[in-house]
Amino acid sequence: MHRTLADDLFRLPELLQSARDFATAELAGLAERPVARLGQAPARAPLPGDGTGAEGALARFAERWAPGFSGSAGPRYLGFVTGGATPASVTGDWLTSAYDQNLSGAGGSWAAGLERETVAWLRELFGLGAEHSGAFVTGATASNTVGLAIAREWLGERLGVSVSREGAAALGPVDVLSGSPHSSVPKALSVLGIGRDRLRHVPLLPGNREAVNVARLEEALAELDGRPAIVVANAGTVNSVDFDDLRAIAALKDRYDFWLHVDAAFGAFAALSPTHAHLVDGLDAADSVCVDLHKWLNVPYDAAVQFTRRQDLQVAVFHNASPYLGLPAGEPDFLHLTPENSRRLRALPAWFSLVAYGRAGHREIVERNVVLARGLGEGIAAVPGLRLLAPVRLNVVCFTLAEDPTQDRIDALARAVTASGEVFLTPTVYDGVPGLRAAFSNWRTTEADTQRVLDVLAAASAA
Ligand SMILES: *Cc1c(COP(=O)(O)O)cnc(C)c1O
């Protein structure tokens, strides 16, 4: 064994203690350090010839790179839809690395059973029935891709071809219909050989809505003349967190032949709050469902879950047959369900958080974030230089400058806000108007944080 490696093995307890002390200090300062870092990253260092040992690596990281890391785990990083990491989930994440299990299959370990238990808990949390099976993937993009891959196989089943054997070309042109799909949907269609251009945007409901007009969706389906299609329904759009009427869309399945995929990346968490659960009524009727976990469950990157009612088709797409692994019989191993073969125990952080805080604890996070978003929305509406672009439906505030909201002026506002170090927001375009978004999904955020955000916005928009 190399000398520094042997030395690290000998000093492993102290090493983990050092990492713990460093992480503790970083997390303790999270709320007060600049939320985003703008300066230049250091120039690339040469590949180390002789290693420093892990203590040396920690010291070098602390000196060269840590000062440039964002406060994305903290309470005022409101860009994109960025969750933090609950204390229990960080604990679970550390242990995931310590155990270093390979979740491709059972592999002489109970770890796959833990992933199944976690998936079953999540299914219940989001109100899905036992017909939905699930697996952990890296994020909602991967979850959408897997769901749409199963949809593609289903289209083959309907048309009497096997896509997994013959290729996507065997389907001919595919029709994918959606109202306000996330950008990861066309990306998935590109990966899957269906093609980005096959995505057809169905008109939305009138009156500042991002939800699909179900009557227009029905017309589009009727025009297909019985050709099977894929419908991507959206449960929680990123700008205004609007929800398609899932129940009404699912009801169309009686008359039209389509696979219903629901992108509920963060919207699925409405199910945790009795006042908002109606927004995801009908989710269970979906053929496949995407839910992100590194957003509103507040587990570390990267984690999402993928649910489907057709595990048989999923196995047709993803099975990894080899002489020593064999074809799946009974409950399929995870390597037959997802793009990866080798997989980390991504479920453990979620398992820890669900055990630690339960349904009630996670409901509190969701409901607090919604209250905070509403509060910021009301605050912004009262700032003379700003106006809301959409009503605050759940946890995102989408707003712009009251006067002359050109892209240049919005970019300047975003820069000023980021430079304050107090808050990080991301730009968007809503209904053709450039604006900014503040998305609440971090367990740490409090009313005092919202006030700080509002103060920065009021000052920056007046400048
Ligand atoms: C965030 C998001 C995605 C993509 O999620 P990643 O975790 O970044 O892959 C997909 N759909 C919706 C609605 C999202 O909010």
Side-chain angles (χ1 to χ4, degrees), residues 70 72-73 77-85 89 122 126 134-149 151 176 178-192 196 199 201 204 209-212 230-244 246 249 260-271 279-280 283 286 288-307 338-340 344 346-347 349-350 366 369-370 373 390 393-398 424-428 430 437-442:
S70 76
S72 60
Y77 190 97
L78 307 180
F80 311 102
V81 180
T82 307
S89 73
L122 291 167
F126 303 126
F136 271 71
V137 289
T138 51
T141 302
S143 180
N144 279 331
T145 305
V146 172
L148 292 170
V176 185
S178 190
S180 302
H182 185 265
S183 54
S184 58
V185 170
K187 175 171 171 170
L189 296 177
S190 163
V191 170
L192 294 169
R196 295 176 191 263
L199 178 62
H201 289 261
L204 307 176
R209 296 290 305 272
E210 287 189 303
V212 74
I230 299 172
V231 171
V232 177
N234 302 291
T237 55
V238 289
N239 278 332
S240 72
V241 200
D242 211 342
F243 288 74
D244 286 352
L246 302 179
I249 295 173
L260 177 56
H261 174 78
V262 180
D263 180 354
F266 65 96
F269 286 82
L279 295 168
V280 286
L283 186 64
S288 53
V289 178
C290 155
V291 186
D292 229 334
L293 301 177
H294 50 222
K295 289 177 179 163
W296 231 350
L297 194 69
N298 278 269
V299 299
Y301 290 98
D302 41 16
V305 68
Q306 193 287 315
F307 295 104
T338 62
E340 308 85 9
R344 72 193 258 108
R346 202 166 264 119
V366 169
N369 284 159
V370 172
R393 295 198 176 91
L394 204 64
N395 60 324
V396 176
V397 187
C398 191
F424 181 72
L425 306 176
T426 39
T428 191
Y430 183 84
R437 299 165 56 258
F440 290 78
S441 47
N442 189 298

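This chain uses plain numbering: 1 for the first residue, then up along the sequence. Remember, it's 1-based here, ligands and their atoms both numbered in the order they're listed. Side chains included, hydrogens not; waters and symmetry mates left out as well; all remaining heavy atoms used.
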Peer 1: List every atom of ligand 1 that sits less than 4.0 Å from any heavy atom of G139, numbering the atoms from 1 in the order shown and giving each element.
Peer 2: 7 (O), 9 (O)
Peer 1: Are V185 and S178 side-chain neighbours, meaning at least one heavy-atom pair lies under 4.5 Å?
Peer 2: no
Peer 1: If you count the atoms of ligand 1 from 1 in the order shown, which ones are under 4.0 Å from a heavy atom of D292?
Peer 2: 1 (C), 5 (O), 6 (P), 7 (O)
Peer 1: Show which atoms of ligand 1 fall inside a sub-4.0 Å distance from at least one heavy-atom site of A265.
Peer 2: 2 (C), 11 (N), 12 (C), 13 (C), 14 (C), 15 (O)
Peer 1: Within the structure provided, determine whether T82 and Y301 are in side-chain contact (heavy-atom separation under 4.5 Å).
Peer 2: yes
Peer 1: I need the contact type for F80 against ligand 1. Using non-hydrogen atoms and a strict under-4.0 Å cut-off, is it side chain, backbone, both or neither?
Peer 2: neither
Peer 1: Need the ligand 1 atom indices (1-based, order shown) with element for anything under 4.0 Å from a heavy-atom of V238.
Peer 2: 15 (O)
Peer 1: Is a donor from one side chain sitting under 3.5 angstrom from an acceptor on the other, for E210 and T237?
Peer 2: yes
Peer 1: Considering distance alone, does some N or O of A140 sit under 3.5 Å from an N or O of ligand 1?
Peer 2: yes
Peer 1: Under a 4.5 Å cut-off applied to non-hydrogen side-chain atoms, are T145 and P339 in contact?
Peer 2: no
Peer 1: So is S184 in contact with ligand 1, going by heavy-atom distances below 4.0 Å?
Peer 2: yes
Peer 1: Specify the protein heavy atom at minimum distance from atom 10 (C) of ligand 1: its residue, its atom name, and the distance to 0.1 Å.
Peer 2: H182 ND1, 3.2 Å
Peer 1: Report, in ascending order of atom number, the atoms of ligand 1 lying under 4.0 Å from any heavy atom of T141.
Peer 2: 4 (C), 5 (O), 6 (P), 9 (O)
Peer 1: Using modelled atom types only, decide if a donor and an acceptor are shared between the side chain of S143 and the backbone of V305 within a distance under 3.5 Å.
Peer 2: yes
Peer 1: Only heavy atoms of G236, strictly under 4.0 Å: list the atoms of ligand 1 that pass.
Peer 2: 13 (C)
Peer 1: Can you tell if the side chain of V280 reaches within under 4.5 Å of the side chain of F126, non-hydrogen atoms only?
Peer 2: no
Peer 1: Hydrogens and angles aside, do H294 and D292 bring a side-chain donor and acceptor to less than 3.5 Å of each other?
Peer 2: yes
Peer 1: Please work out, at 4.0 Å between heavy atoms, whether the side chain, the backbone, both, or neither of D263 comes within that distance of ligand 1.
Peer 2: side chain
Peer 1: Atom 1 (C) of ligand 1: which protein heavy atom is closest, and how many Å away?
Peer 2: K295 NZ, 1.3 Å
Peer 1: Can V81 be said to touch ligand 1, with heavy atoms closer than 4.0 Å?
Peer 2: no
Peer 1: Going by the atom numbers of ligand 1, which of them fall below 4.0 Å from some non-hydrogen atom of F266?
Peer 2: 15 (O)
Peer 1: Does only the side chain of T237 get under 4.0 Å from ligand 1, or the backbone, or both, or neither? Count heavy atoms.
Peer 2: neither
Peer 1: State the atoms of ligand 1, each with its element, that fall below the 4.0 Å cut-off from a heavy-atom position in H294.
Peer 2: 7 (O)
Peer 1: Quick one: does V212's side chain get under 4.5 Å of V231's, heavy atoms only?
Peer 2: no
Peer 1: Can you tell me if N234 and H182 form a side-chain donor-acceptor pair at under 3.5 Å?
Peer 2: no
Peer 1: Is it the case that the side chains of N395 and N369 hold a donor-acceptor pair, with the cut-off being a distance below 3.5 Å and no angle test?
Peer 2: no
